[in-house]
Protein chains: 2
Amino acid sequence: MARVREFDTEAALEAAMSAFRRKGYEGTSVQDLVDATGIGRGSLYAAFGSKEGLYLAVMDRYREQYAVPLIELLDSGAPARELIRSVLLGVVDEIVRDGTRQSCLIVSATTERLPHDPEVAGRVRATTSSLENALTEVIAKGRASGRLTSTRAPGDLARFLLTTIHGLRVMGAINTDRGTLTNIAEVALGCLD
Amino acid sequence: MARVREFDTEAALEAAMSAFRRKGYEGTSVQDLVDATGIGRGSLYAAFGSKEGLYLAVMDRYREQYAVPLIELLDSGAPARELIRSVLLGVVDEIVRDGTRQSCLIVSATTERLPHDPEVAGRVRATTSSLENALTEVIAKGRASGRLTSTRAPGDLARFLLTTIHGLRVMGAINTDRGTLTNIAEVALGCLD
DNA sequence: GGCTATCTGGAACGTACGGTCAAGTTTTCG
DNA sequence: CGAAAACTTGACCGTACGTTCCAGATAGCC
């Protein structure tokens with residue numbers, strides 16, 4: 001039929017994600033994206049339509065790559081406290097690994113783009129609410145089995161944990177000391193009973 | 001000696017802050033700032049030097065206007081738990097009042113500008129650490145008086161609360177329901193003992 | 001081996017950006 | 001009242017932006 005695509009879409013999205021996480025949406029120029037992905041402008045536009053389209057594709061990848069595995073972990077049936085601890089410490093790990101240079105895509109999408117782009121808003125809401133639901137279920141099970149003793153509604157606790165995760169990512173942009181972030185996570189864990 | 005300045009610097013900074021909070025740093029053009037403040041480009045540049053200079057002046061005003069009163073409240077000597085509750089509920093109030101349209105200047109400065117602008121980084125660190133110190137002191141006093149029973153280090157609890165505040169501002173950009181946010185704040189308050 | 005369809009790279013387009021500047025205005029002081 | 005100093009306005013500057021387009025390359029199909 002025709003010439004076959006030369007570049008790897010997943011690798012391109014990964015590179016674009018890294019660029020967006022480093023400089024934000026408005027701060028990343030199309031030239032930055034061309035440089036980061038190694039793909040010509042023409043191909044980039046043929047594949048993704050626009051800068052916004054590429055950003056949305058990056059958000060979709062973020063969800064598949066980071067949120068979905070997290071949710072699968074939460075659905076694994078392991079004890080609630082251990083699950084939640086490993087989620088929070090996993091976030092701390094990511095922050096320490098990324099350093100100050102790369103901020104969380106969801107947080108920056110939320111503050112920078114959500115109010116102005118309904119497509120972004122939809123993706124942020126979908127990703128956060130699926131995580132919220134998974135957390136709620138884990139907490140409800142943990143309480144049913146007597147492992148978690150907090151009397152607060154599981155949904156409130158889940159949204160509190162989500163808040164902590166977002167807060168950690170902001171804190172991680174200011175200070176990436178693992179011990180500090182770990183202690184914060186431990187305090188939050190203490191709220192579950 | 002010379003012609004007197006016509007515009008009110010504080011009012012201009014307030015208008016510029018509103019613009020930056022609505023659209024972020026990169027998303028706000030100088031023309032947006034001219035429109036928001038009602039001041040000509042020349043006057044704006046004579047007064048603040050550059051777009052970045054205006055942004056830094058806005059950050060300084062943010063600190064004086066929002067962080068300093070909060071710290072003074074914390075230093076007022078009232079009982080620890082009531083103080084911290086009123087700080088958290090005050091944040092919720094602000095979020096509900098601002099709605100989805102205006103996000104927190106500190107959070108957006110942190111994610112968008114902190115890695116690329118040392119001046120921004122310095123101001124973010126100064127503001128957050130003075131708030132952290134005030135919280136730490138309140139918690140230490142509360143524990144000394146037996147009102148707070150948590151065994152965790154006051155500094156860790158303070159940084160946890162700071163994390164909660166940042167997290168709330170992110171959550172507030174996604175969902176501005178007062179009840180939801182208030183419940184999150186109440187869960188966090190429960191971590192203090 | 002053409003034919004067609006798709007992809008590639010980069011030149012080119014119009015626009016909007018941050019920043020500058022000069023001409024005019026308002027003030028104070030001698 | 002005139003001179004000097006500071007402020008205001010908006011036209012203007014060079015540049016960088018997001019997007020489009022096209023000529024050339026590469027694949028499958030007859």
Side-chain angles (χ1 to χ4, degrees), chain A residues 1-59 105 108-109 112-113 115-120, chain B residues 1-59 105 108-109 112-113 115-120:
Chain A
M1 286 270 272
R3 182 172 177 176
V4 75
R5 181 170 288 176
E6 284 180 11
F7 66 87
D8 174 5
T9 304
E10 293 302 308
L13 288 175
E14 191 63 41
M17 188 188 301
S18 175
F20 280 128
R21 289 183 62 186
R22 257 179 286 123
K23 307 229 244 163
Y25 180 78
E26 299 281 1
T28 304
S29 69
V30 172
Q31 189 56 46
D32 290 335
L33 295 165
V34 167
D35 296 341
T37 60
I39 301 168
R41 288 167 109 81
S43 302
L44 224 47
Y45 273 82
F48 302 107
S50 65
K51 181 183 171 183
E52 192 216 358
L54 176 52
Y55 189 73
L56 296 175
V58 163
M59 291 194 72
L105 189 74
S108 80
E112 195 185 351
R113 299 295 306 157
H116 311 290
D117 190 330
E119 295 288 328
V120 169
Chain B
M1 284 276 271
R3 181 172 178 177
V4 76
R5 181 170 286 179
E6 284 180 10
F7 65 87
D8 174 6
T9 303
E10 293 302 306
L13 288 175
E14 191 63 40
M17 187 188 301
S18 175
F20 280 128
R21 289 183 60 186
R22 256 179 287 122
K23 307 229 244 163
Y25 180 79
E26 299 280 2
T28 304
S29 69
V30 173
Q31 189 56 47
D32 290 336
L33 295 165
V34 168
D35 295 342
T37 59
I39 300 168
R41 284 169 109 82
S43 301
L44 224 46
Y45 272 83
F48 302 106
S50 65
K51 181 182 170 184
E52 192 216 356
L54 176 51
Y55 190 72
L56 296 176
V58 163
M59 291 194 72
L105 190 74
S108 80
E112 195 184 350
R113 298 297 304 158
H116 312 290
D117 190 329
E119 296 287 330
V120 169

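Protein chains get the first letters and strands the later ones, always in sequence-line order, with residue 1 at the start of each.
- The CG atom of B:Leu44 sits 10.0 Å away from atom OG of B:Ser50, with the distance rounded to the nearest 0.5 Å.
- A cation-pi arrangement, defined by a distance under 6.0 Å to the six-membered ring centre and an angle within 45 degrees of its axis, is present between A:Lys51 and A:Tyr25.
- Of all the residues in residues 52-59 of chain A, not one reaches under 4.0 Å from DNA chain D with any non-hydrogen atom.
- Here D:dT19 is the nucleotide among D:dC7, D:dT19, C:dT27 with the atom lying nearest to any side-chain atom of A:Ser50.
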Using the rule given for side chain to side chain contact (heavy atoms under 4.5 Å, CB included), can you reason through B:Tyr45 versus B:Leu54, listing the C-alpha separation, both sets of side-chain angles and the distance that settles it, and then say yes or no?
CA-CA 9 Å; B:Tyr45 272 83; B:Leu54 176 51; over 6 Å; no
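- A:Ile39 and A:Val34 get closest at one heavy-atom pair: O-CG1, 3.3 Å.
- If you measure from atom CD of B:Gln31 to atom C1' of D:dC12, you get 14 Å, rounded to the nearest angstrom.
- Going from atom CG of A:Leu56 over to atom CG of A:Asp117 covers 6.0 Å, rounded to the nearest 0.5 Å.
- Distance from the side chain of B:Val30 is smallest for C:dG18 among the nucleotides D:dC7, C:dG18, C:dT8.
- Contact check for B:Leu105 versus B:Tyr55: side-chain heavy atoms found under the 4.5 Å cut-off.
- Under 4.0 angstrom from either OP1 or OP2 of D:dA16 there lies no side-chain N or O belonging to A:Ser29.
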Given A:Leu33 and A:Phe48, is the side chain to side chain contact (heavy atoms under 4.5 Å, CB included) satisfied, shown in steps?
CA-CA 12 Å; A:Leu33 295 165; A:Phe48 302 107; over 6 Å; no
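- Heavy-atom distances under 4.0 Å link DNA chain D to A:Arg41, A:Gly42, A:Tyr45 of residues 37-46 of chain A, given in residue order.
- Under a 3.5 Å cut-off, the side chain of A:Glu112 and the backbone N or O of A:Glu26 do form a donor-acceptor pair.
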